Amino acid sequence: MTAPPSFQQRFLSRPNDLGVVAVGFSGGQCKQGVEAAPMALIESGLLDQLHEDLGYDVHFDNAVHNYADIIPANDPDHRGMKKPRAVSAVTEKLSQQVYDHAKEGKMVLTLGGDHSIAIGTISGTAKAIRERLGRELAVIWVDAHADINLPEDSPSGNIHGMPVAFLTALATEEKKDIFGWLSKEHLVNVNKLVYIGLRDVDRGEKRILKEHGIKAFSMHDIDRHGIGRVVEMALAHVGNDTPIHLSFDVDALDPQWAPSTGTPVRGGLTLREGDFIAECVHQTGNLIAMDLVEVNPSLEAMGANETIRTGCSLVRSALGDTLL
Ligand SMILES: NC(=[NH2+])NCCC[C@H](N)C(=O)O
Ligand SMILES: [Mn+2]
Ligand SMILES: [Mn+2]
């Protein structure tokens with residue numbers, strides 16, 4: 001009997017090489033502080049642990065990017081979106097950075113930043129995977145929120161509530177400097193998207209999820225079936241032979257475990273449930289990229305260390321750490 005194809009043989013030519021991009025960007029929402037997360041995570045030892053405990057060769061440019069040089073001074077609202085040109089410019093640049101790592105067959109870890117940056121990360125991996133393997137990317141989006149608002153339906157105008165809409169082309173925009181740079185190779189199929197942890201979904205988002213039959217597991221589903229069964233169903237939806245981008249919003253966890261985040265929602269995942277999701281995604285052998293976003297150390301200062309620890313734990317779990 002032949003062994004199943006390894007991780008390596010499947011999607012990554014350099015599975016031990018980890019490209020890390022640190023994105024100090026907060027323009028997808030209105031609260032300062034989320035730009036400090038990458039440094040806080042790194043200072044707490046995350047990259048050393050990935051190297052020393054998990055054996056990755058970490059490729060990091062030793063910079064937290066703030067993209068100050070490409071953020072336009074004049075950036076009026078457009079279709080209700082706040083700071084559209086800033087988010088567009090940053091994510092366009094980030095898309096290229098992530099693509100550059102992924103096209104070489106490395107795993108990519110992006111430390112945010114707010115969740116708008118997923119427009120950059122996911123478009124970058126989607127493009128690299130299409131070019132290298134001729135395949136579609138699957139996205140597992142772990143979050144209290146669906147982040148799939150159309151600009152016109154958004155209650156806040158904050159683009160961190162819209163990234164999935166742009167990545168699936170449910171929202172489109174002609175203007176090159178407002179996400180018009182997104183092209184076909186950057187996009188994700190709604191059938192290859194699955195949510196876990198939802199509990200604060202806007203009215204327009206509920207309509208979109210229903211209309212497009214998007215697979216979503218809410219906290220209700222987790223209460224009903226347990227996290228084990230939910231992850232099993234989520235992975236079954238994605239399929240066993242598809243590269244996975246895991247986009248993890250720390251607010252998926254209950255504020256008890258991750259209080260320092262911009263839009264906390266009670267009734268969330270426990271730390272173990274969050275780690276369990278990440279561990280199971282790792283075990284598929286199909287993970288090719290992960291985002292960790294929305295850690296904001298300046299909010300709930302008392303809980304900042306706890307939130308950073310939680311973030312580190314989620315990343316380690318997704319990258320192969322085990323309890324035994
Ligand atoms: N990535 C996040 N934390 N998103 C929160 C989004 C909240 C709300 N649905 C909005 O669109 O404004
Ligand atoms: Mn969220
Ligand atoms: Mn989010």
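Predicted model only: the values in this text are computed from it and were never measured. One-based numbering, in listed order, for ligands and for the atoms of each.
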Around atom NE2 of His51, are there more than 12 heavy atoms of other residues, nucleotides or ligands at under 6.0 Å? no
Proximity to ligand 1 by part of Asp249, non-hydrogen separation under 4.0 Å: side chain
Which one holds for Gln29 and ligand 1: side chain close, backbone close, both close, or neither close, with close meaning a heavy atom under 4.0 Å? neither
Heavy-atom nearest neighbour of atom 8 (C) of ligand 1 within options Asp202, Asp114, Asp200: Asp202
Answer with yes or no after comparing the ring centroid distance for His115 and Trp141 against a 6.0 Å cut-off, counting only values under it. yes
Please give the atom name: the N, O or S atom of His115 nearest to the Mn ion (ligand 3). ND1
Closest approach to the Mn ion (ligand 3) by Asp147, given as the N, O or S atom name: OD2
So what does the His145 ND1 - the Mn ion (ligand 2) - Asp251 OD1 angle come to, to 10°? 100°
Going by the order shown, which atoms of ligand 1 are within less than 4.0 Å of some heavy atom of [X]?
{"X": "Gly161", "result": "6 (C), 11 (O)"}
{"X": "Glu294", "result": "1 (N), 2 (C), 3 (N)"}
{"X": "Ser156", "result": "10 (C), 11 (O), 12 (O)"}
{"X": "Asp251", "result": "3 (N)"}

Is Thr263 close to ligand 1, meaning an N/O of one under 3.5 Å from an N/O of the other? yes
Does His160 reach ligand 1 with a nitrogen or oxygen that is under 3.5 Å from one of the ligand's nitrogen or oxygen atoms? yes
[atom] [closest protein heavy-atom partner, distance rounded to 0.1 Å]:
{"atom": "atom 4 (N) of ligand 1", "result": "Asp147 OD1, 2.9 Å"}
{"atom": "atom 11 (O) of ligand 1", "result": "Asn149 ND2, 3.0 Å"}
{"atom": "atom 7 (C) of ligand 1", "result": "His145 CD2, 3.9 Å"}

State the atom name: nearest N, O or S atom of Asp249 to the Mn ion (ligand 2). OD2
Among the N/O/S atoms of Asp143, the Mn ion (ligand 2) lies closest to OD1
Glu104/Lys106 ion pair, N-O < 4.0 Å: yes
